[in-house]
Amino acid sequence: MGTSLYLEMVFSRSMKLPIEILYNRLNSPIYCRRDYSSWPCRGRSIAEAGEIINAFTSNNANPHHAYGMFLRRYAVEVPALEQMTLIKQLRERTSAPIKDVKSSLFNTESAQKDLRKRGVVLASKKSSRTAAEGLLAFVQNESKAAVIELNCETDFVARNEIFQYLALSLAKLALLVESSSQQVSGGFFGGPEYLEELKINLDHPKLSGEKTVQTAIAEVAAIMGENVKLRRTFAMSAPSQGIISAYLHTSPQQGLGRIAGILSLEVEDGNTSLDPLQHVGSELAMHIVAAKPLFLTKDLVSIDALENEREILKSQAESTGKSQMAIEKMVEGRLRKYYEDVVLMEQKFVVNDDVNVKTLLDNLSKEVGSPVKIGSFCRMEVGEGVQGLEASNEPEPVVQAA
């Protein structure tokens, strides 16, 4: 591997080598410690060797006693330190596995190009594997907030700085894109097709240049040796009078996490100080992550969800053997508990369980001197529903709006 080759020219009458032997030597590998070298295997054809033989025979009456030039290639072993330097440089440029780097240096001069081709092929082979780990990346500006989910197969890859750099870059791109995707209550939700064909400009030592999102993801998958995929994107517009607050749980760095809680707080009076809203909004975003609400208010609970829960509760109550009137009272009482579990405004506030979220907002409205309400909220978690939905449509995040 990594050998330099040179030609030694020896002029000799005295050797009197038969031309057939010379021909065979030119076409045979020459062993030199760990490496082999021969004329044809290093880029010279047998035809070229034949031309030299013809030159020998045309200048000599006796082709078996050639007077002329005897060409032989020698393999000179590169010192171990230089070999390691070559491997290190190519690893830094491509992040390919070391066994592929060594193999590529053995077999091609265009090693870097060869490794990138291998990486794309390997990434496509891994694309069918389940990717339920990863990160959420969140960014916002004055008018909008965006969060994306980038998946991988293991938590080890999710902690890699290249993977994290790509996730944040994708979130920044989502923030700039005018949404034409599926609109859901409170924001815009999009699958991987929302961003995959867009161009992204990356500036990382191992991931740089302008390329499509799909190509960038494939390159990171090749570097990581795992299936990497963009799963979904959510964008929320900021209210004209109010704020967007967010909380990221299990966050390795700013803007990244495994669970995200996002909400918008709206205030009627545009001159109201936003500092109290920022404080309460941050706590409410944390509450959304911890309490896992499904609906904003009782009025927004879907009929299907309510009927399913009522049927379950009724079946449980009937098993007690009590009268029908008692069963109805039991069902209604347990439905109130169901609302407290899944409706944000009815939930006990996790920071202070002496009040529910509705009471918290009433107190905030009195503090700022103007009515404050939750415009919309979103809760997303890495990998939720992946195992059961690999072959079906990806789930939407939990999103509700007033």
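Only this structure's heavy atoms are used, side chains among them; waters, hydrogens and symmetry mates stay out.
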ask   = Hey, does Lys199 have a side-chain heavy atom less than 4.5 Å from the side chain of Thr212?
value = yes
note = Taking every heavy atom of Phe138 against every heavy atom of Ala145, the minimum-distance pair comes out as CE1-CB, 3.6 Å
query = Cut-off 3.5 Å, side chains only: do Thr359 and Asn356 have a donor facing an acceptor?
reply = yes
query = Going from OH on Tyr165 to CG on Leu202, what distance comes out if it is rounded to the nearest 0.5 angstrom?
reply = 5.0 Å
inquiry  = Under a 3.5 Å distance rule, please check whether Ser251 uses its side chain to pair with a backbone N or O of Leu256 as donor and acceptor.
reply    = yes
inquiry  = What I'd like to find out is whether the side chain of Leu360 reaches to under 4.5 Å of the side chain of Leu284, using heavy atoms alone.
reply    = yes
request  = Kindly indicate whether the side chain of Leu265, heavy atoms from C-beta on, has any atom under 4.5 Å from the side chain of Leu361.
outcome  = yes
remark   = Closest non-hydrogen contact found for Val157 with Phe163 is O-CB, 3.4 Å
inquiry  = The test is side-chain hydrogen bond (donor to acceptor under 3.5 Å, both in side chains); show your working for Glu268 and Gln241 and say whether it passes.
reply    = CA-CA 7 Å; Glu268 284 190 8; Gln241 297 178 173; over 6 Å; no
request  = Enter the distance from Ile327:CD1 to Gln324:CD here, rounded to the nearest 0.5 Å.
outcome  = 5.0 Å
ask   = What distance separates Glu219 CD from Ile217 CD1, expressed to the nearest 0.5 Å?
value = 11.0 Å
request  = Determine whether Val177 and Leu195 make a side-chain contact, defined as any pair of heavy atoms from C-beta on separated by less than 4.5 Å.
outcome  = yes
inquiry  = Would the distance check show the side chain of Gln347 and the main-chain N or O of Val357 forming a donor-acceptor pair, the cut-off being under 3.5 Å?
reply    = no
query = Are more than 12 heavy atoms from other residues, nucleotides or ligands located less than 6.0 Å from atom CD of Glu210?
reply = yes
message = Quick check for you: to the nearest 0.5 Å, what is the distance between Arg336 atom CZ and Asp341 atom CG?
response = 13.5 Å
inquiry  = Any carboxylate oxygen within less than 4.0 angstrom of a Lys/Arg side-chain nitrogen, looking at Glu332 and Arg334?
reply    = no
key: Polar side-chain atom of Glu149 near backbone of Gly383 as donor-acceptor pair, under 3.5 Å   = yes
query = Taking atom types as modelled, is there a side-chain donor on His204 or Glu161 under 3.5 Å from an acceptor on the other?
reply = yes
request  = Please check if the side chain of Ser365 supplies one atom and the backbone of Pro371 the other of a donor-acceptor pair under 3.5 Å.
outcome  = no
message = When you compare the side chain of Phe189 with that of Thr233, does any pair of heavy atoms fall below 4.5 Å?
response = no
query = Under 4.5 Å between any side-chain heavy atoms of Val343 and Leu296, yes or no?
reply = no
request  = Verify, without hydrogens or angle tests, whether Glu133 (side chain) and Glu153 (backbone) share a donor-acceptor contact under 3.5 angstrom.
outcome  = no
request  = Drop me the distance from Leu294's CG to Leu300's CG, to the nearest 0.5 angstrom.
outcome  = 12.0 Å
message = Test side-chain contact (heavy atoms from CB on, under 4.5 Å) on Met236 and Lys144; report intermediate values, then the result.
response = CA-CA 6 Å; Met236 178 187 290; Lys144 188 178 178 182; over 6 Å; no
ask   = Of the non-hydrogen atoms in Phe295 and Tyr338, which two are nearest, and what is the gap between them?
value = CE1-OH, 4.2 Å
Evaluation steps, side-chain contact (heavy atoms from CB on, under 4.5 Å), between Val368 and Ser273 = CA-CA 7 Å; Val368 300; Ser273 171; over 6 Å; no
remark   = Nearest heavy-atom approach of Arg258 to Gly134 is NH1-O, 3.8 Å
key: Asp275 side, atom CG; Glu367 side, atom CD - distance, nearest 0.5 Å   = 10.0 Å
query = Counting N and O atoms only, with roles assigned by atom type, does the side chain of Ser282 sit under 3.5 Å from a partner on the main chain of Gln278, one being a donor and the other an acceptor?
reply = yes
message = Can a donor-acceptor pair be found, under 3.5 Å and without considering hydrogens, that links the side chain of Asn227 to the backbone of Ala131?
response = no
request  = Can you establish whether the number of heavy atoms outside His279 located under 6.0 Å from its atom NE2 is more than 12?
outcome  = no
ask   = How far apart are the C-alpha atoms of Val372 and Val280, what are their side-chain angles, what is the distance that settles it, and do they pass the side-chain contact (heavy atoms from CB on, under 4.5 Å) test?
value = CA-CA 11 Å; Val372 179; Val280 173; over 6 Å; no
inquiry  = One thing to verify: whether Glu384 and Arg232 come together as a salt bridge, which I'm taking to mean a side-chain N less than 4.0 angstrom from a carboxylate O.
reply    = yes
ask   = Does the distance from a Lys or Arg side-chain N to an Asp or Glu carboxylate O, for Asp155 and Arg159, drop under 4.0 Å?
value = yes
N/O donor-acceptor pair under 3.5 Å between Lys211 side chain and Ser208 backbone = yes
remark   = In short, Met380 meets Val147 closest at the heavy-atom pair SD-CG1, 3.4 Å
inquiry  = Please determine whether side-chain contact (heavy atoms from CB on, under 4.5 Å) holds for the pair Phe349 and Glu283, giving the CA-CA distance in whole Å, both sets of side-chain angles, and the decisive distance to 0.1 Å.
reply    = CA-CA 9 Å; Phe349 186 39; Glu283 292 184 338; 3.6 Å; yes
note = Nearest heavy-atom contact between Ile148 and Ala174 is CG2-CB, 4.0 Å
message = Are the side chains of Ile244 and Leu263 in contact, using a 4.5 Å heavy-atom criterion?
response = no
Side-chain donor or acceptor of Asn308 paired with backbone N/O of Asp304 under 3.5 Å = yes
inquiry  = Using the side chain to side chain contact (heavy atoms under 4.5 Å, CB included) definition, which of the options Leu166, Val382, Leu135 pairs with Leu150?
reply    = Leu166
message = Donor-acceptor check, side chain of Ser319 to backbone of Gln316, threshold 3.5 angstrom: yes or no?
response = yes
query = Can you find a pair of side-chain heavy atoms, one from Ser245 and one from Ile262, that are under 4.5 Å apart?
reply = no
